[in-house]
Amino acid sequence: MRYLAILLLAPWLLILCWGYWAYPKSLPRTSFRRVFDVVALLLALLAAAECAVIGFDRVELPTVDGFGRASGAIWQQVLPALYGYGAFTVMLVLAMLLRHLVWGRKRLP
């Protein structure tokens with residue numbers, strides 16, 4: 001159950017990985033850029049998994065009462081998904097900004 005949230009997010013994260021890898025087509029595709037992209041994607045996936053585990057551990061489950069834990073136990077999967085998706089998105093945005101600064105179009109004066 002610990003990795004269920006990130007497992008459910010995996011298809012969407014893979015689509016975002018493909019989008020990061022494929023676009024923009026205007027940037028030069030050098031070997032150094034591809035190495036940078038692979039490292040950025042691996043770091044984003046690692047950050048997503050780590051933050052999902054942290055989110056799972058931080059959830060405080062409600063106490064069991066006459067009706068059971070039915071109302072609040074869903075947060076044990078929602079919070080890790082939010083943490084994981086947030087970390088993944090932040091890492092990809094930072095990588096995109098850095099990639100654009102390094103390989104972006106050079107303007108001539």
Side-chain angles (χ1 to χ4, degrees):
M1 294 292 285
R2 182 177 209 124
Y3 298 101
L4 180 63
I6 202 72
L7 183 66
L8 293 174
L9 273 178
W12 176 241
L13 296 182
L14 290 175
I15 290 170
L16 291 177
C17 284
W18 171 81
Y20 174 82
W21 183 265
Y23 296 102
K25 296 197 183 275
S26 63
L27 294 178
R29 292 192 168 93
T30 63
S31 60
F32 183 68
R33 181 184 153 209
R34 288 303 180 193
V35 169
F36 175 82
D37 288 344
V38 168
V39 169
L41 290 172
L42 288 175
L43 286 175
L45 290 170
L46 183 67
E50 187 63 31
C51 286
V53 169
I54 290 170
F56 184 85
D57 292 339
R58 286 199 179 189
V59 171
E60 294 181 23
L61 293 176
T63 59
V64 177
D65 54 6
F67 298 107
R69 284 195 269 179
S71 63
I74 188 68
W75 286 103
Q76 195 170 19
Q77 296 305 322
V78 172
L79 191 65
L82 292 173
Y83 277 24
Y85 182 66
F88 184 84
T89 305
V90 166
M91 292 295 290
L92 275 191
V93 166
L94 291 175
M96 285 173 37
L97 291 174
L98 183 59
R99 183 172 71 173
H100 182 69
L101 287 174
V102 173
W103 290 282
R105 294 184 186 204
K106 307 289 188 223
R107 295 182 189 219
L108 297 174

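Hydrogens, waters and symmetry mates play no part in the numbers below; they use all other heavy atoms, side chains included. All values reported here derive from a predicted model rather than from experimental measurement.
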Original post:
Say you draw a straight line from CG of Leu82 to SG of Cys51; how long is it, rounded to the nearest 0.5 Å?
Top reply: 11.5 Å
Original post:
Does one hydrophobic cluster hold both Val93 and Leu42, with members joined at side-chain heavy-atom distances below 4.5 Å?
Top reply: no
**OP:** For the pair Arg33 (side chain) and Pro28 (backbone), establish whether a donor and an acceptor sit closer than 3.5 Å, ignoring hydrogens and angles.
**Re:** yes
Original post:
Is the cationic atom of Arg58 (NZ for Lys, CZ for Arg) positioned less than 6.0 Å from the six-membered ring centroid of Tyr83 and within 45 degrees of its normal?
Top reply: no
Original post:
What distance separates Leu41 CG from Leu16 CG, expressed to the nearest 0.5 Å?
Top reply: 10.0 Å
**OP:** Start with the C-alpha distance between Phe36 and Val102, add both sets of side-chain angles, then the distance that settles side-chain contact (heavy atoms from CB on, under 4.5 Å), and finish with yes or no.
**Re:** CA-CA 11 Å; Phe36 175 82; Val102 173; over 6 Å; no
Original post:
Going through the distances and angles, do Arg34 and Val38 end up as a side-chain contact (heavy atoms from CB on, under 4.5 Å)?
Top reply: CA-CA 6 Å; Arg34 288 303 180 193; Val38 168; 5.6 Å; no
Original post:
Honestly curious: do Leu14 and Val39 fall in one hydrophobic cluster under the side-chain, below-4.5 Å linking rule?
Top reply: no
Original post:
Between Pro80 and Ala52, which heavy-atom pair has the shortest distance, and what is it?
Top reply: CB-O, 3.2 Å
**OP:** Please check if Leu43 and Leu94 belong to a single hydrophobic cluster, counting links between Ile, Leu, Val, Met, Phe, Trp and Tyr side chain heavy atoms closer than 4.5 Å.
**Re:** no
Original post:
Linking I/L/V/M/F/W/Y whenever their side-chain heavy atoms sit closer than 4.5 Å, directly or via other members, would Leu46 and Trp21 fall into one cluster?
Top reply: no
Subject >> Minimal non-hydrogen separation, Leu45 against Cys17, with atom names >> reply: CD2-SG, 4.3 Å
Subject >> Flag side-chain contact, heavy atom, 4.5 Å: Ile6 against Leu13 >> reply: yes
Subject >> Trp18 atom CH2: more than 12 heavy-atom contacts under 6.0 Å >> reply: no
Original post:
Between Ala22 and Arg29, what is the shortest heavy-atom contact and its length?
Top reply: O-NH2, 3.3 Å
**OP:** Kindly work out whether a path of hydrophobic side-chain contacts (I/L/V/M/F/W/Y, heavy atoms less than 4.5 Å apart) joins Phe56 to Ile54.
**Re:** no
Original post:
Could you walk me through whether Asp57 and Val53 pass the side-chain contact (heavy atoms from CB on, under 4.5 Å) check?
Top reply: CA-CA 6 Å; Asp57 292 339; Val53 169; 3.8 Å; yes
Subject >> Nearest-0.5 Å distance, CG of residue Leu27 to CG of residue Asp37 >> reply: 9.0 Å
**OP:** Let me see the working for Phe88 and Leu9 under side-chain contact (heavy atoms from CB on, under 4.5 Å), right down to the final yes or no.
**Re:** CA-CA 11 Å; Phe88 184 84; Leu9 273 178; over 6 Å; no
